[in-house]
Structure formats: structure tokens, C-alpha cells
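First comes the structure, then the notes that go with it.
Because only heavy atoms are used, hydrogens play no part in the values below, and waters and symmetry mates are left out as well, while side chains stay in. Here is the naming used below: chain letters follow the sequence lines, and residue numbers restart at 1 for every chain.
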2 protein chains.
Amino acid sequence: MKSGELSFTEENYLKAIYSLSERSVSFDTSTNEIAERLRTKPPTVSDMLKKLTAKKLIAYEKYKRVQLTKSGRQIAIQIVRKHRLWEVFLHSTLKFSWDEVHEVAEQLEHIHSEELITRLEKFLGYPKFDPHGDPIPSAEGELEDGKRINLSEVENGTNCQVVGVMDSSTPFLQYLEQIDIAIGTRLKVVGKIEFDGSMIIQIKKKPQFTVSKKFSENVMVTA
Amino acid sequence: MKSGELSFTEENYLKAIYSLSERSVSFDTSTNEIAERLRTKPPTVSDMLKKLTAKKLIAYEKYKRVQLTKSGRQIAIQIVRKHRLWEVFLHSTLKFSWDEVHEVAEQLEHIHSEELITRLEKFLGYPKFDPHGDPIPSAEGELEDGKRINLSEVENGTNCQVVGVMDSSTPFLQYLEQIDIAIGTRLKVVGKIEFDGSMIIQIKKKPQFTVSKKFSENVMVTA
DNA sequence: AATTAAAGTTAGGCAAATCTAACTGTTTTG
DNA sequence: CAAAACAGTTAGATTTGCCTAACTTTAATT
Ligand SMILES: [Mn+2]
Ligand SMILES: [Mn+2]
Ligand SMILES: [Mn+2]
Ligand SMILES: [Mn+2]
């Protein structure tokens with residue numbers, strides 16, 4: 001790759017560190033978490049953390065947790081932006097189904113061309129969300145933060161709309177499809193079971209059904 | 001990359017060997033030619049030739065010239081197919097100008113997904129030529145031999161490539177040379193004059209110029 | 001507080017892709 | 001045909017990304 005450009009691998013590390021950090025209170029993550037996420041081994045991660053530190057993309061000290069620097073975070077967000085725009089393209093333009101887009105976007109997100117993304121975004125009509133309901137960062141790295149909450153936090157008797165998932169694995173997405181839940185689906189929480197946190201929900205006028213706590217924790221909704 | 005998949009680099013070598021071989025009578029090429037094409041050094045090429053031989057993608061013996069095997073050729077053609085389809089996408093869909101598309105296509109051609117190309121091709125309406133007028137191989141690797149037609153039959157706005165002449169007289173050939181047209185020259189028909197069948201054509205970014213009907217009837221092109 | 005468990009790093013090695021310098025094989029040509 | 005010129009390969013080094021095994025540091029638990 002051209003000088004100044006990051007390798008596929010470096011980009012994947014930044015993206016992993018970004019998404020793992022975002023879900024922690026202190027906006028940081030650890031060697032082992034990164035290793036698990038990238039299906040690699042801790043020593044490999046250790047090596048890369050040194051390299052990313054040298055490039056000033058992360059703030060990191062031996063044995064301590066890792067945080068993205070401002071510039072590392074900007075780059076990570078741009079990769080997320082590319083990933084999600086490509087997912088929209090694959091779904092809306094090329095008619096891939098939901099659960100097929102991620103793998104290919106994982107490759108496309110590493111194409112280096114500002115102009116390409118600018119034009120792609122325009123062609124797609126400046127979408128704000130990807131096919132899984134996740135927000136698409138702007139060219140400036142701004143992330144619209146909708147008031148998305150976990151389905152598991154929704155009160156009894158409340159209506160809400162599905163806007164995203166925490167888990168993008170094929171089994172989960174297939175289960176969602178099976179029970180007819182997709183991005184945009186409106187549903188009502190009609191009951192909760194204290195014992196195990198299961199939730200009874202209803203879509204439109206269809207029969208009610210029960211989902212596990214694990215399920216409701218992996219679905220994001222807006223109230 | 002997944003096992004069985006070729007690396008970026010291997011794919012670029014196959015593509016280079018393919019296009020260099022195609023232009024030779026014996027359908028082969030040499031270490032130095034490849035090195036020059038890929039802006040690398042001969043020892044680097046030597047190494048890769050060994051590797052590609054082991055994978056049975058080329059037929060090669062030390063100090064001899066290189067030829068693609070059947071399977072190597074098929075792979076090379078698929079990369080060319082991807083490259084050209086992406087160029088159409090960049091030009092027709094994203095409105096890149098035709099001289100901007102190549103560099104980005106050079107990256108996109110290495111995305112691994114059959115399904116992606118199948119759907120992209122469908123979305124683009126099964127184009128037969130890329131923005132430079134080069135033919136797009138079919139999914140089966142068939143390369144339209146570009147049926148030779150008379151330049152005078154070419155539609156407005158179409159790119160074509162000069163492949164022969166009807167008249168081989170010295171005056172005609174001298175005229176061709178004078179206006180910088182030779183076998184292989186790519187040109188675009190930018191207008192036609194009803195009155196006398198004259199044709200306005202353009203080569204690359206040079207100024208347009210007009211040729212007579214008698215001229216265009218004596219030039220053979222592939223669409 | 002001392003011990004154990006876990007998290008994380010070094011050490012050392014390997015494969016891919018690249019380079020320069022030095023060598024060998026092939027071709028051209030006086 | 002012998003010498004020079006050219007083409008091509010081998011040797012040895014470097015960088016990146018990855019691994020296992022062994023070690024060190026930090027955290028948790030008794
Ligand atoms: Mn995704
Ligand atoms: Mn990726
Ligand atoms: Mn091209
Ligand atoms: Mn390429």
C-alpha cells in the first residue's frame with residue numbers, strides 16, 4: 001500500500017479496538033479482548049499494539065489497557081463509515097439479504113479511496129443507517145446517536161421499534177428472520193418473567209411469543 | 001485470506017502474465033517483462049514464478065519463458081472480468097470519469113465474492129465493454145472476440161478500438177499516421193453529420209476532429 | 001499477606017513478499 | 001567460436017503478520 005496508508009490488518013485492529021472501547025465505561029479495552037475479537041493470539045496483539053503506539057494511533061502502556069488516540073479514533077470511525085455504506089449498497093442496490101452483507105463489507109471497507117466513498121454515499125442518497133439499523137458516521141466522523149436502548153430495558157406494555165442488533169452472527173439473524181423480526185419491526189412488550197428475564201412480546205396482531213433474556217439483550221430498539 | 005484463495009499479489013502476477021502473454025505470438029512472457037510491468041525486481045518475480053508453478057497456475061522452467069496453464073488463465077480472466085465490471089460501475093453508476101476508474105478498480109478487482117460479481121453484473125445490465133472499450137469476459141471466461149465492424153457503423157458516443165483497414169494503399173496509411181491512428185488505437189465517436197456521413201471522433205483527450213465517410217468505411221474496429 | 005489465577009509480554013521461529021549483490025546460463029556478435 | 005552483453009537465478013537480509021512456549025506482572029482469593 002501507499003506510504004501513509006494503513007494495512008488491512010492495522011485497520012482491522014483499529015476497528016476492533018474502537019468497537020470494544022465504545023462498549024466499556026472507560027473507553028478502553030484489553031489485549032485478550034482484542035485477540036478474541038480478531039480470532040488471533042495475545043502475543044500477536046501485543047506486537048501490533050506496539051506498532052500502533054509508534055504510529056500514535058493508540059495510547060498504550062505495557063500491561064495496561066488500550067485506548068484510541070484522537071487520530072486513531074477518527075480513522076476507526078472512517079472504516080466503520082465505509083463498512084456501513086457498503087452494507088447499504090449491498091443490501092439496497094445489489095439486493096443481498098441482511099445476513100449476507102457483513103462478510104463482503106468486511107473486505108470492501110479496506111478499499112482506499114476518499115472519492116469512492118463520497119460518491120457512493122451520494123449515489124445511495126446519504127443513508128443514515130445500515131441494514132442492521134446501525135448509524136452511519138458522517139464524512140467528518142460525527143455519529144448520530146439516537147436514543148437506542150436495549151429491548152431488555154423496555155417497560156411492560158410499551159411499544160417500540162427495532163433499530164439494530166448487538167449480535168450479527170448468522171444464527172441470530174436467522175432466528176430473527178424465523179420469528180419475523182427485522183429492522184423497522186414494531187413490537188410491544190406484553191410481559192416479563194421475573195424468574196429468568198424472559199420477555200413476552202407481540203408483533204402487530206400476531207400471536208404473542210416468548211424470547212429469552214439473551215435474545216432481548218441483543219436487540220436494540222427506539223422507544 | 002481463506003485457504004484456496006489467492007493473495008492480492010498472486011492475482012496481480014497472474015493478471016500481468018495474462019496480458020503480457022496475450023500480446024505475444026507464442027502466448028508467453030518473461031521474467032523481466034513481468035518485473036517491469038509490476039514495477040518490481042527480477043528476483044522477486046523469480047520467487048513468485050516458483051510459487052505459481054507449484055500451484056500449477058503457470059508452466060515454467062528455469063531460464064525459459066512463462067505461460068499460463070488452463071486454470072491460471074481462467075483465474076486471470078476472472079480478475080480481468082472483475083476489474084472491468086468495477087470500472088463500469090465506477091463510471092456509469094458513480095460518475096467517475098473514465099480516466100479515474102482504473103486505480104480504484106485495481107483494488108476492487110481483488111474482492112473475493114462470486115455472488116458480489118454476479119449481482120453487480122446484473123445490476124449494471126450485463127455490460128459487454130468497460131469504459132475504455134475493452135470487452136468484459138463472461139462468468140464462464142468467454143471473451144467476446146469483438147466482432148469487427150466498420151467504423152462508419154459505430155453509434156454516437158461509443159468507444160471502439162481500431163483493428164484493421166479495408167484499404168492498404170500508401171496514401172491511406174499515411175493519412176492514418178498523420179492523424180495518429182494505428183492498429184490498437186482506441187477512439188470514441190462523438191458525433192455524426194447527417195449531410196455527408198462525416199464522423200467526429202476523439203482519441204483520448206486530444207482535440208476532436210472530423211473524418212469523411214470514405215475514411216470511416218475503410219477502418220475496421222471492434223465495438 | 002501469601003498464594004494462586006489471569007492477563008500480558010518476550011523469545012524465538014515461520015511464511016510471504018520484497019530488496020541488493022553476486023553468480024550462472026543464454027544469446028548475440030565481432 | 002570466443003567474448004561480451006543480456007537475462008535470469010541464488011544467497012542473504014528485511015518487514016509484516018502470525019504462532020507456541022516460557023516468563024513476568026497484576027489481580028483475586030483465601
Ligand atoms: Mn457489518
Ligand atoms: Mn475488515
Ligand atoms: Mn483498468
Ligand atoms: Mn490489482
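Contact check on B/Glu109 versus B/Arg84 returns no salt bridge, with no Lys/Arg side-chain nitrogen under 4.0 Å from an Asp/Glu carboxylate oxygen. Under a 4.0 Å N-O distance rule, the pair B/Arg119/B/Glu115 qualifies as a salt bridge.
Under the 3.5 Å distance criterion, with hydrogens and angles disregarded, no donor-acceptor pair is assigned to the side chains of B/Ser19 and B/Glu22. At a cut-off of 3.5 Å, with distance as the only test, no side-chain donor of A/Thr170 or A/Gln174 sits close to an acceptor on the other residue. There is no side-chain donor-acceptor pair under 3.5 Å between A/Glu103 and B/His112.
Between the P atom of C/dA16 and the CG atom of B/Leu49 lies a distance of 16 Å, rounded to the nearest Å. One can place CZ of A/Arg39 at 12 Å from P of D/dC19, the figure rounded to the nearest angstrom. The CE atom of B/Met1 sits 18 Å away from the P atom of D/dT16 (whole-angstrom rounding). In this entry the distance linking CG of B/Asp47 with P of D/dT10 reads 9 Å, nearest Å. With rounding to whole Å, B/Lys41 atom NZ is found 17 Å from C/dA22 atom C1'.
Evaluation of the ring pair (Phe, Tyr, Trp, His ring centres under 6.0 Å) test over residues 6-40 of chain A, restricted to residues two or more places apart or in two chains, returns A/Phe8-A/His110.
Contacts with DNA chain C (heavy atom under 4.0 Å) in residues 2-37 of chain B: B/Ser7, B/Thr9, B/Tyr13, listed by number.
Distances shorter than 4.0 Å separate some side-chain N or O of A/Lys50 from OP1 or OP2 on C/dT10. Checking the phosphate oxygens (OP1, OP2) of C/dT26, no side-chain nitrogen or oxygen of B/Lys62 falls inside 4.0 Å.
In this structure, of C/dT18, D/dC19, D/dT10, it is D/dT10 that holds the atom nearest to the side chain of B/Pro43. Distances from the side chain of B/Tyr63 to the nucleotides C/dT20, C/dG25, C/dT18 place C/dG25 closest.
Judged by closest nucleotide on DNA chain D, A/Met48 is the one of A/Lys64 and A/Met48 placed further toward the 5' end.
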